[in-house]
Amino acid sequence: MFAFIISRLLQALPVMFTVSLISFAMFAYVGDPVAIMLGQDFTEAQRQQLIRDLGLDQPFFVQFATFLGNAVQGEFGLSYRLSRPVAELIAERAPATLELAFTAAFIALAVGVPMGVYTGLYRNSWLSRFFLTFSLIGVSLPTFLIGILLILTFSVWLGWLPSFGRGEVTRLGWWSTGFLTWSGIKALILPAITLGLFQLTLIMRLVRSEMMEVLRTDYIKFARARGLSNRAVHFGHALKNTLVPVITIAGLQLGGIIAFAIVTETVFQWPGMGLLFIQSVGAADIPVMAAYLMLIALVFVTINLIVDLLYYAVDPRLRVGRGKGH
Amino acid sequence: MSLLEVKNLRVEFPTRRGTLVALDDVSFAIAPGEVLGVVGESGAGKSMTGAAIIGLLEPPGRIAGGQILLEGRRIDNLPYEQMRRIRGREIGAIFQDPLTTLNPLYTVGRQLVETMTTHLPIGPGEARERAIGWLEQVGIPAARERIDSYPHEFSGGMRQRVVIALALCAEPKLIVADEPTTALDVSIQAQVIALLKRLAREKGTAMMLVTHDMGVIAETADRVAVMYAGRIAEIGPVREVVKHANHPYSQGLMASIPPLDRRVERLQQIEGAMPRLSAIPKGCAYNPRCPHAFDRCQTERPDLMPAGRTEAACWLHAEGSAR
């Protein structure tokens, strides 16, 4: 088990290295930080001085090594746009995005899995047909449109929920949470639904097709032949056998939700990393973009590790040797 | 009284091109403790009969006529929940392929325990002790340690032993064994059959043994039913059917078994193939392949009638038949 985690972490290293090379290359080849920082009015001496200060006269690999060393310590320099440390900016924004992403993922799983099980079991009921039609809408409508429609309905017409922002947040150390205030929770509902709807329908369709597949297997027939209750057959035997593909997709989707919450955050003016990223792109704020890229790579690598560990927990066939302990 | 009685069972599959009759007018009985062998070619309806008895016909297949009685009580028209309580508890089932019959994600102990706690008034602790006992009885070595193993940690033969334990653990009165040895290595087949036979005798469990292995039937069954194209062609005591078959189809079937006691140049084979369900001929379904067919066979369908010491569905044995 321990060796398994170590080997996975070692496999993650080349990935992180490659991503850091790409994000560093942005500094070297996209835009000119010197020109951006100096502004309109400068002398050649000032320019040379700044180039030396920033270490831009050093060879590429020396610069890259310095960048890597700093990155490992969470040091990504100053934002060109806001003149504040990038690490600080991201730490400030991360809680908003993570709370939004995990709420969306929770909704997607908590609603998508039962809907998938239901539609897999009762293929021809009218409710299943309704769910399937509804899922088609979720899959085919673009996120921004869903967000805008939700705002129109629940904020403009009904006036139940706020249309933008995070509401009141409570600070717990460096983490700011919206879960502890009523206005924070209310503000979270619409963006979380918007962000989670696509994943929800995807998970529902996946669970449905996996259930239909598993229900045809011999061990399900045998479980029925043993006279087990429907509940034991459907949830104990069938659902657990659908979990491996569901975990794979849910893991990838969670990474996707965190990384690409950009559209939802823009629609709802959600003060998260996605909004920070899109503003940074607008201003060619390369340190922020580079740090964001690395952070997202780290998120994917971490999620993949967790997914692998979950496989291990779900499917005994993947465990090496005798199935003793974990 | 018979333990199981099947009367005029008819199973249909509605399809877009019309209704297929998979089983037609199938009648037989199994006495307590008796082993009934069911033989026939693939698609003759052997497995379908078993599935109908345990109430697990694949949709859209459905029982369209006849009755199935267990100890005199009709079970073919029970609601799902009541039939579920009978499955496992009163009628156990063994399937063909032990590699796919066990849920790969649960230990064999857990699968045994859940079966017993579903049907018997015992707690998980006692069920676990009994599970170990069952694994010992089916010949799993070191059962106490192996109970927490997963199915993939057993060989095919060992898995079929586990399946047998699962089928027997709630002590049913009848076991429907659908080709229990077909997927196993030949060397293992005899062991598994011997085990099944011994346990059935010890527990007084009746068995419907579906197979196309005549050797298994000859050795295990008390009586044998020969099926052809969804009907029973002949039924009778196993020695009579093997040695003195009365239906031309059973005669052909028996002649295709290589005898061990004498040399034969060439095994006999039955010409042609069994008809598809959508094209069962009029009259006796076997008439196009039958060397003895005459006029009546092509127009009128024979029911089972006494023939020698067995019953055969063949006009050759009709009283006053014009041969």
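Just so it is clear, the model here is predicted, and its values are computed rather than measured. Labels below follow one simple rule: chain letters A, B, ... track the order of the sequence lines, proteins then strands, and each chain is numbered from 1.
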Taking the side chain as every heavy atom from C-beta outward, state whether L105(B) and V314(A) have any pair of such atoms under 4.5 Å apart.
yes
Interface check, chain A: of E58(B), M83(B), Q96(B), most non-hydrogen pairs under 4.5 Å belong to E58(B)
Taking atom CZ of R74(B) as the centre, report whether more than 12 heavy atoms of other residues, nucleotides or ligands fall under 6.0 Å from it.
yes
Between L243(A), D315(A), N241(A), who has the most heavy-atom pairs with chain B when the cutoff is under 4.5 Å?
N241(A)
Determine whether a donor-acceptor pair (N or O, by modelled atom type, separation under 3.5 Å) exists between the side chain of Y80(B) and the backbone of N230(A).
no
Indicate the atoms forming the closest heavy-atom contact of A93(B) with F222(A), along with that distance.
O-CE1, 3.1 Å
Would you check, one step at a time, whether the test side chain to side chain contact (heavy atoms under 4.5 Å, CB included) holds for R317(A) with Y150(B)?
CA-CA 8 Å; R317(A) 284 166 295 185; Y150(B) 290 92; over 6 Å; no
Atom of G227(A), atom of T118(B) and distance for their closest heavy-atom approach:
O-CG2, 3.5 Å
State, yes or no, whether a side-chain contact exists between L166(B) and R226(A) at a heavy-atom distance under 4.5 Å.
yes
So which heavy atom on I54(B) is nearest to which on A225(A), and how close?
CD1-CB, 4.3 Å
Modelled atom types, side-chain donor and acceptor of H237(A) and Q111(B), under 3.5 Å:
no
Here the gap from Y219(A) atom OH to Y106(B) atom OH, rounded to the nearest 0.5 Å, amounts to 10.5 Å
Side-chain contact test, heavy atoms from C-beta onward, threshold under 4.5 Å: evaluate it for R84(B) versus R224(A) and give yes or no.
no
Out of N103(B), T115(B), L56(B), return the one with the most heavy atom pairs under 4.5 angstrom to chain A.
N103(B)
So, the part of V163(B) with a heavy atom under 4.5 Å from chain A: the answer is both
